[in-house]
Amino acid sequence: MFETLQPAPADAILKLIAESKADDRPEKVDLGIGVYFTEDGRTPVLDVVKRAEQRLFDMQQTKAYLGTAGSPDFNAAMQQQTFATSAFDDRLVTVQAPGGSGSLRVAAGLIARAWPDAVVWASEPTWANHIPLLGGAGLELKPYPYYDTDKHVIDVAAMVAALKTASEGDIVLLHACCHNPSGIDPSEDEWRAIADVIVERKLIPFIDMAYQGFANDLDTDAFAIRHMAERVDEMIVCNSCSKNFGLYRDRVGSMSVLCRDTASRDIVASQLSSIARTLYSMPPDHGAAVVSIILTDAALRADWILELNEMRDRLKNMRALLNDALKEKAPEHDFSHLVRATGMFCFLGISAAQIERLKKDYSVYMVGSSRINVAGITPANVNYLAESIAATL
Ligand code: LMR
């Protein structure tokens, strides 16, 4: 039977892990997959996570099944962190899911059951896995213009014009903050304009928040979600705890659905339970239990925010360092968008041939779109990186 299969194409981001691992040149700079690195190249377990894990180890009495929606404590804590109000409690359901990708897949299942003809509009470009993940679940996707690759800004006018052509009930996939791959987010005024067209055309916001706390702070980064929640009847939000808690491999995520009323909320909750049951039955518990301990303990939460701020500030500093180094090594080129972007990513804006040359001749790894993960930059490698980029320009 399996001889009928052809090899599946490698995932553009994941294949870089193997390529970079196989390269043992000491000058290697890995700007590929989006994981956080410290200045000495580690992706550490957060101190606050270690403490919560110890507490969990000491107090956990059973590992019996929790149910398709996961931990109610985790779900309540994530809902609070996302919406910061109980005003929507009677219209809102939040369930745990296996990571941000798992939550997106559950959301796709819900959309396919509720609006089989709906089109999901996604930014051009968007996270490389959005398209196969949502498309693979049977959804039809259409791009809306987002990133102006010449000016390195968002073309909000073009985005709004495209959304004006959407049909009632279409879904608009948005990145709450730290747009992946461009790192360029709408301003609050631009979010208001995007919400205007969503309300006017009766569209449904579907917001992916994988980097809460990596752009500004936890509240500012949730602006788009909280603003839309005030204005729309229905909305889907997917959260990931991979980056802001450093729990990548523990697969911790949640999804929230804002419904028209309580009756609809209860129906959606039952559908989410049935979707989870058919996909993976129940989400993994460990990481979510850790997040729940941290978010519900004032002292641990405060310490987590300090660690989160430290990660965010390092990323910001590395953007500035690379921009300064490039100003010196390639003065005829403008890379100032590096410091306008937030979170882990931005585009260098170089060609496929230049990306290939950086990999082959300089051991510098980045995604084929020229997306770089700025967490791979350190004070020790920034000059080498800037020189290598300058040499290929
Ligand atoms: C990325 O964009 O690099 C991360 O979100 C990791 C992934 O799974 O693609």
Side-chain angles (χ1 to χ4, degrees), residues 8-21 28-38 41-44 97-108 122-137 141 146-147 173-185 206-215 221 237-255 280 283-284 287 308 311-312 314-315 318-319 338 341-348 355 358-359 364-377:
D11 178 277
I13 296 175
L14 299 185
K15 85 167 191 241
L16 276 177
I17 302 179
E19 281 179 4
S20 156
K21 224 181 201 161
K28 178 173 69 185
V29 184
D30 187 348
L31 309 176
I33 188 157
V35 296
Y36 179 78
F37 299 106
T38 56
R42 289 174 307 111
T43 303
S101 298
S103 71
L104 288 164
R105 181 60 184 82
V106 173
S123 63
E124 174 54 45
T126 192
W127 176 45
N129 201 30
H130 271 151
I131 312 286
L133 191 156
L134 301 173
L141 284 113
Y146 186 84
Y147 192 68
L173 179 62
L174 301 157
H175 301 226
C177 59
C178 308
H179 180 265
N180 180 1
S182 73
I184 306 281
D185 294 328
F206 175 12
I207 308 188
D208 186 359
M209 181 153 66
Y211 296 88
Q212 189 177 10
F214 269 80
D221 290 359
V237 177
C238 291
N239 298 67
S240 167
C241 301
S242 296
K243 326 280 164 153
N244 54 8
F245 286 88
L247 284 165
Y248 308 89
R249 67 173 67 161
D250 281 335
R251 312 310 299 142
V252 191
S254 65
M255 71 161 304
Y280 49 79
L308 181 56
M311 291 193 275
R312 183 187 60 238
R314 194 185 107 64
L315 296 177
M318 292 308 104
R319 288 175 182 283
L338 291 181
T342 60
M344 278 192 181
F345 308 115
C346 56
F347 287 124
L348 267 189
I355 294 165
L358 276 167
K359 196 195 293 183
V364 174
Y365 289 81
M366 70 190 69
V367 181
S369 58
S370 90
R371 184 196 83 167
I372 60 168
N373 171 13
V374 295
I377 306 171

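We count ligands from 1, going down the list as the structure has it; atoms in each ligand are counted the same way.
The two residues A210 and K243 make their nearest non-hydrogen contact at O-CG, 3.3 Å.
Residues passing the side chain to side chain contact (heavy atoms under 4.5 Å, CB included) test with A128 are I13, sequence neighbours excluded.
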field: Full working for side chain to side chain contact (heavy atoms under 4.5 Å, CB included) between V364 and L31
entry: CA-CA 7 Å; V364 174; L31 309 176; 4.2 Å; yes

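In this pair, H175 and H179 present their aromatic rings tilted. The plane angle is within the 30 to 60° band.
Each of I355, L16, D30 was compared with M366 under the side chain to side chain contact (heavy atoms under 4.5 Å, CB included) criterion, and only I355 meets it.
Near ligand 1, I13, I33, G34, W127, N180, Y211, K243, F345, R371 each place a heavy atom less than 4.0 angstrom from the ligand.
Of the possible donor and acceptor atoms, one in the side chain of N373 sits under 3.5 Å from a partner among the backbone N and O of V35.
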